[in-house]
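Take a look at the structure set out below.
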Amino acid sequence: MKTKLVTAFYTDIIGFPFFGHESFARHERYLHSLRTLNNLNTEIICYCNETQYSLLTEYCEEFNLSNATIKISNL
């Protein structure tokens, strides 16, 4: 059986109707976690809003996160 991690990055959805967290620290923690998960050599699918797609793809390139695939799924 092949493992695949599926996660999401929606740090720009503050307030109604999703009530995301306003703390930038959560944004930084998530990015660090993505780097850590990449070290597992397991496929990672990460969903995000179109507004954060470039940020995440550039981050993955900068840190050579070769196991992560970023996909847009707007909330």
Taking the side chain as C-beta and beyond, is there a heavy-atom pair between [X] and [Y] under 4.5 Å?
| X | Y | value |
| --- | --- | --- |
| Thr7 | Tyr47 | no |
| Leu37 | Leu5 | yes |
| Phe9 | Leu31 | yes |
| Cys46 | Thr69 | no |
| Tyr53 | Lys71 | no |
| Ser54 | Tyr59 | no |
| His27 | Leu55 | yes |

| Do the side chain of Asn67 and the main chain of Ile44 share a donor and acceptor less than 3.5 angstrom apart? |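 Looks like no, no N/O pair under 3.5 Å.
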Starting from Val6, can I reach Ile72 by hopping between I/L/V/M/F/W/Y residues whose side chains sit under 4.5 Å apart?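 As far as the 4.5 Å side-chain criterion goes, Val6 and Ile72 are not connected within one cluster.
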Rounded to the nearest 0.5 Å, how far apart are [atom1] of [X] and [atom2] of [Y]?
| X | Y | atom1 | atom2 | answer |
| --- | --- | --- | --- | --- |
| Leu75 | Cys48 | CG | SG | 10.0 Å |
| Ser33 | Glu28 | OG | CD | 11.0 Å |
| Leu65 | Thr57 | CG | OG1 | 11.0 Å |

Arg29 and His32: side-chain donor and acceptor closer than 3.5 Å?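 On atom types as modelled, these side chains do not qualify, holding no pair under 3.5 Å.
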Quiz item: Taking all atoms of both residues into account, what is the closest heavy-atom pair of Cys60 and Ile70, and its distance?
Solution: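 Looks like SG-CD1, 3.9 Å.
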| Derivation and outcome, side chain to side chain contact (heavy atoms under 4.5 Å, CB included), residues Ile13 and Asn49 | CA-CA 9 Å; Ile13 54 167; Asn49 282 327; 3.4 Å; yes
_With Glu43 via side-chain contact (heavy atoms from CB on, under 4.5 Å) - residues at least two apart_ =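 Partners of Glu43 by the side-chain contact (heavy atoms from CB on, under 4.5 Å) criterion, ordered by chain and then number, come out as Lys2, Lys4, Ile45.
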